[in-house]
Amino acid sequence: MSTMLKITDLHATVAGKEILKGLNLELEAGEIHAIMGPNGAGKSTLGNILAGREGYEVTQGEVMFNGKNLLELEPEERACEGVFLAFQYPVEIPGVNNTYFLRAALNAQRKYRGEEELDSVGFLRLVREKLEILHIGDGLLHRAVNEGFSGGEKKRNEIFQMAVLEPTLAILDETDSGLDIDALKTVAEGVNRLRSKDRGMIVVTHYQRLLDYIVPDKVHVLADGKLVATGGADLALKLEEQGYAWLEDGGIATLDTDSPATTANP
Amino acid sequence: MSGETSTIDKMVEQKYQHGFVTDIESETLPPGLSPDVIRAISARKNEPEWLLEWRLKAYEHWLEMEQPDWAHLNIDPIDFQAISYFSAPKSDKDRPQSLDEVDPKLLETYDKLGVPLHERARLAGVAVDAVFDSVSVGTTFKAELRKAGVIFCSFSEAVQDHPELVQKYLGSVVPQRDNFFAALNCAVFTDGSFVFIPKGVRCPMELSTYFRINAAETGQFERTLIVAEEGSHVSYLEGCTAPMRDENQLHAAVVELVALEDADIKYSTVQNWYPGDENGVGGIYNFVTKRGDCRGARSRVSWTQVETGSSITWKYPSCILRGDDSVGEFYSVALTNNCQQADTGTKMIHIGRNTRSKIISKGISAGRGQNAYRGLVRVTPRAENARNYTQCDSMLIGKNCGAHTFPYIEVRNPSAKVEHEATTSRIGEDQLFYCLQRGISEEDAVSMIVDGFCKQVFKELPMEFAVEAKALLEVSLEGAVG
């Protein structure tokens, strides 16, 4: 395995306020890392910075992605290099057909990589294949991008887009938020089917329950702009039991998941 | 392709072979407006006495009127005495002799719009010989229309060949003293289209100005009259997506539609007159009065417009719903970029019982563009069960543009149902980022979002027109972002 993503000492501000304060992370191809943490810790900021959203300013540090300096690329170039962000709140684009949108995206990426663009027949074949893998119906295809979608449909649409675009690195930003347990299972199953040895994933979540269905290789705890703890999948369970409150009392640099946490007052 | 190109090149390069060039030249009138000028125009067109009288009367009304200033437009004063009200078509020797002499920027735009080669020459004002292709196409269609009993000709021809029809309907929808610009048009109109669909006839094809070559230079004071008799149907397309060059800065057109019982008129416009440069220099002032009269029961008038050109647009295609159960529709996309200003909308006047109207307006502002929707829905006392639905959406691209909405609703019958929905949105940074994050370039993302925004209107356009309109918006929005 090789290092796909290496984040070194990342500092970033939003509207003049420092949100990330020296974050370090290494992700190998084929791994799934979960990033957990209390609200306001900077979880979504990380995803937005990796995707290149405007308004997030990197003041220090470096992000290397497959040997390229990610921070120097435009957002659409990052997407074409294989960075995919599954949005916490996917936006509606009224009047733009979902299939048309996705084909435009795929072909923009193929063009960037010097591959031939897919015609509508070829694209539809690919789409059917992916729908089958994800066990979702083709109802989403005929509607406008996210327009009038339920929360569950929006998240499923994100996973569907991910399946079609086949990114190298997928960042799932609070994909579980606003989902009932059935929708959560569907989405998680989809993600699991897209696990592959060539693909890295970062799953950002506030709650442990998503990790019952998407079992991560590593769990990181993000608090106050830094990763303050790293462990295996069982770290998530500990956090579920004990909450994040213990972090606020100075916290612990690395938490041994076998030892009991200091306080337990959520 | 290369074979075709060389043929057309040759045609374009041909010298004009006919010898009356100088004669036409001498007929351009000096600037200024007076009864003599109107007499000269009328004489030049060999018009009957009644039409001259009609023009002169309109002129007298016009003298008493003032240029309206209620629109949300900032217009430099217009000196109406500095304008020449009749200029004969430019002689061929003054025109570019081939596309090589045409502004390369214009050609580039044609390229982006996919304008056919033989059309480019006509649009760019290249000497007429290059247009032979279209002329022959036009002739074929004319024969087919004649068979169906449809009259489709220039307004001037109609005055000569069908004076009784012209006299019966001219000014019956837009009276001479309707407004300042309509009065001006009545006095000095040059040419336009005339359409007559006889009782029970469904016009066998879309009627397009594209096929009416002789209207090439009638842009300034255009006059169009469409009459659909009982139970007839017609769909009329006006304009062209390719940018039209015109030396005349002031345009004041009048369009009148008459729909008798059970008749159906669909009128689609794509307006792309020169919008001026990035600083607002040049550009057409476009003051248009368009009105459809649903005179008969169950008649229908449907307006669809895509307005992307002109530096000033002042235009309110309207429907008078006089017949019981008649229907009026207005679908509009108006785009202003750079320094363009538009004040446009519609009027739906409900007079008959069970009349219905629908208004879908999409305004897009970019650059320093200003875009106003102005609409009136009036339900008169005897219009039982009138229905109106209005949806009025504005989109802003960038931070220096403006969108304004002025809806007027007057209801004088308690059984009326009038709905109005309005939204204003800035082209979402969220939407834009969503597209970018999927790998779509910023420019493609903007045109995709705008296209989606306009979909409800585009789907009302005839198929080929809709495709062109989409391309046109993309070109018009170039440089609006970033």
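So you know, we letter chains A, B, ... as the sequences are listed, proteins then strands, and number each from 1.
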I'd like to know if the side chain of B:Gln437 and the backbone of A:Ala79 have a donor-acceptor N/O pair within less than 3.5 Å. no
Under 4.5 Å, counting heavy-atom pairs only, tell me which of A:Glu76, A:Glu81, A:Glu77, A:Glu92 racks up the most with chain B. A:Glu76
With a 4.5 angstrom heavy-atom cut-off, which part of A:Glu74 approaches chain B: side chain, backbone, both or neither? neither
Only one of A:Val91, A:Ile93, A:Val96 forms a side chain to side chain contact (heavy atoms under 4.5 Å, CB included) with B:Cys435, so which one is it? A:Ile93
Between B:Arg438, B:Lys455, B:Glu429, which residue shows the highest count of heavy-atom pairs closer than 4.5 Å to chain A? B:Arg438
Among A:Gly55, A:Pro75, A:Pro167, the residue with the most heavy-atom pairs under 4.5 Å to chain B is A:Pro75
Should the ring pair A:Phe87 and B:Tyr434 be called parallel, tilted or perpendicular, given that the plane angle runs from 0 to 90° and is split at 30 and 60? tilted
State, without any angle test, whether A:Tyr89 and B:Asp430 hold a side-chain donor-acceptor pair at a distance under 3.5 Å. no
Might you confirm whether atom CZ of B:Arg356 has over 12 heavy atoms from other residues, nucleotides or ligands at distances under 6.0 Å? no
Please examine the side chains of B:Phe433 and A:Glu54, heavy atoms only from C-beta on, and report whether any two atoms are closer than 4.5 Å. no
Considering only heavy atoms, which portion of A:Pro90 lies under 4.5 Å from any heavy atom of chain B: side chain, backbone, both, or neither? both
Taking non-hydrogen atoms and a cut-off under 4.5 angstrom, which of residues 102-130 of chain A neighbour chain B? A:Ala104, A:Ala105, A:Ala108, A:Gln109
For A:Val145, is it the side chain, the backbone, both or neither that has a heavy atom under 4.5 Å from a heavy atom of chain B? side chain
Heavy-atom cut-off 4.5 Å, strictly under: side chain, backbone, both or neither for A:Arg78 against chain B? neither
Just verifying a value: how many Å separate B:Ile449 CD1 and A:Phe101 CZ, rounded to the nearest 0.5 Å? 8.5 Å
Can you say whether A:Leu85 sits under 4.5 Å from chain B via the side chain, the backbone, both, or neither, judging by heavy atoms? both
